[in-house]
Amino acid sequence: MPKIRSLAVNTGKQKEMKYEQKIKLIEHFGIEGDRFSKHNDSRQIMIVDGNLYDLHNLKKGVLRENILIDNLDINSLTEGQIISVNNSIQLKVTLVKDACASISYNDPDVIKKLQGNMYAFVTPLETGYISINDEIEIL
């Protein structure tokens, strides 16, 4: 079963990611305190497959993801799908992109390693808290 490995809040451009054990999601807005959280935006919360980080020996946060999830095949996600966290908070997939699409603001060597692998953006459909080790299910 897929589980959350890490949670991070992007507090500002070129600032260190703030890693948390638990974060608050706000319905149709994003993560409380994250610089990319805003209504009607398809890029509120970035999720990445933690197995890619293991496979390529990448440093946590290299893509500045908000949620790193183990054992979730993000390549198989489609826009509009619903992801459930602990059967309590639902996230809607709003955008699925190839990692190479972020070459302009990420390490080109990392992007080259990840080419052909996807990352996704989601928006929360409820307000609530999620934590490290919470279970993920694709509905």
Side-chain angles (χ1 to χ4, degrees):
M1 163 110 5
K3 287 188 175 185
I4 295 174
R5 180 191 299 190
S6 73
L7 297 167
V9 178
N10 187 334
T11 59
K13 188 175 182 177
Q14 297 181 341
K15 290 187 177 181
E16 297 258 340
M17 297 293 281
K18 182 179 178 189
Y19 289 93
E20 303 285 357
Q21 293 294 310
K22 179 164 91 170
I23 58 173
K24 182 177 183 181
L25 303 181
I26 302 170
E27 180 179 359
H28 300 293
F29 185 75
I31 297 171
E32 183 176 64
D34 192 276
R35 79 185 201 104
F36 289 107
S37 293
K38 57 186 159 196
H39 290 286
N40 301 317
D41 193 321
S42 63
R43 296 172 178 252
Q44 292 172 350
I45 301 170
M46 182 185 197
I47 62 173
V48 175
D49 179 359
N51 296 339
L52 286 176
Y53 276 49
D54 297 338
L55 179 66
H56 298 291
N57 196 30
L58 301 176
K59 181 181 170 190
K60 179 171 77 172
V62 72
L63 291 175
R64 299 188 61 79
E65 72 282 347
N66 298 109
I67 305 175
L68 195 59
I69 301 173
D70 288 327
N71 303 313
L72 178 65
D73 181 12
I74 291 178
N75 287 353
S76 69
L77 292 179
T78 58
E79 292 173 20
Q81 268 188 303
I82 304 296
I83 297 171
S84 175
V85 182
N86 276 348
N87 294 315
S88 62
I89 301 286
Q90 291 187 349
L91 308 171
K92 181 179 179 182
V93 178
T94 54
L95 187 63
V96 181
K97 295 189 65 108
D98 189 300
C100 69
S102 62
I103 197 163
S104 62
Y105 55 89
N106 279 309
D107 181 337
D109 291 332
V110 169
I111 298 307
K112 187 175 179 181
K113 287 179 186 179
L114 296 178
Q115 189 169 1
N117 291 290
M118 311 305 272
Y119 59 86
F121 289 93
V122 297
T123 189
L125 300 179
E126 289 94 22
T127 296
Y129 289 89
I130 63 171
S131 301
I132 290 177
N133 292 321
D134 281 354
E135 293 184 346
I136 304 294
E137 181 182 9
I138 307 298
L139 302 180

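Keep in mind that what you see is a predicted model, and the values were worked out from it rather than measured.
Of the inter-residue distances, the one linking Thr127 atom OG1 with Ile89 atom CD1 reads 7.5 Å to the nearest 0.5 angstrom. Note that the CG atom of Asp49 and the CD1 atom of Ile74 stand 5.5 Å from one another [nearest 0.5 Å]. Note that CG of Leu25 and NE2 of His28 are 12.5 Å apart. Values are rounded to the nearest 0.5 Å. In this structure, the separation between CD on Glu32 and OH on Tyr129 is 6.0 Å, given to the nearest 0.5 Å. To the nearest 0.5 Å, atoms CG (Asn75) and CG (Leu52) are separated by 7.0 Å. Note that CD of Glu20 and CG of Asn66 are 11.5 Å apart. Values are rounded to the nearest 0.5 Å.
In terms of heavy atoms, Gly50 sits closest to Asp70 at CA-OD1, 3.7 Å. Smallest separation of non-hydrogen atoms from Asp41 and Arg43: OD1-N, 2.8 Å. Of all non-hydrogen atoms in Phe121 and Met46, the two that sit nearest each other are CE2-CB, 3.6 Å. When all heavy atoms are compared, the tightest approach of Ser88 to Ser84 is N-OG, 4.1 Å. Scanning all heavy atoms of the two residues, the minimum distance from Thr94 to Ser42 falls at OG1-O, 2.6 Å. The shortest non-hydrogen separation linking Tyr19 to Ser6 is CE2-OG, 4.4 Å.
For the pair Leu91/Val85, a side-chain contact is recorded, criterion being any heavy-atom separation below 4.5 Å from C-beta on. Contact check for Gln44 versus Ile31: no side-chain heavy atoms found under the 4.5 Å cut-off. Between Asn87 and Glu137, some side-chain heavy-atom pair lies under the 4.5 Å cut-off. Using a 4.5 Å heavy-atom threshold, the side chains of Ile47 and Ile83 count as touching. A 4.5 Å side-chain heavy-atom check between Arg5 and Asp54 finds at least one atom pair inside the cut-off. At a threshold of 4.5 Å between non-hydrogen side-chain atoms, the residues Thr78 and Val93 do not count as touching. Contact annotation: the side chain of Asn86 never approaches that of Ile130 to less than 4.5 Å [non-hydrogen atoms, C-beta and beyond].
Tyr119 and Met17 are members of different hydrophobic clusters when ILVMFWY side chains are connected at heavy-atom separations under 4.5 Å. Clustering ILVMFWY residues whenever any of their side-chain heavy atoms sit less than 4.5 angstrom apart, transitively, puts Leu58 in the very cluster that holds Leu63. Follow the hydrophobic side-chain contacts under 4.5 Å out from Val122 and you reach Ile138 in the same cluster. Both Ile132 and Val9 are members of a single hydrophobic cluster when ILVMFWY side chains are connected at heavy-atom separations under 4.5 Å. Ile67 and Leu125 sit in two unconnected hydrophobic clusters of ILVMFWY residues. Membership requires side-chain heavy atoms under 4.5 Å apart, directly or through other members.
When each of Lys18, Arg64, Glu65 is tested with Asn10 by the rule side-chain hydrogen bond (donor to acceptor under 3.5 Å, both in side chains), just one qualifies, namely Arg64. Exactly one of Glu27, Lys92, His39 qualifies for a side chain to side chain contact (heavy atoms under 4.5 Å, CB included) with Thr123. That residue is Lys92.
Between the side chain of Glu126 and the main chain of Gln90, a donor-acceptor pair closer than 3.5 Å is present.
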* **side-chain contact (heavy atoms from CB on, under 4.5 Å) evaluation trace for Lys3 with Asn71** => CA-CA 7 Å; Lys3 287 188 175 185; Asn71 303 313; over 6 Å; no
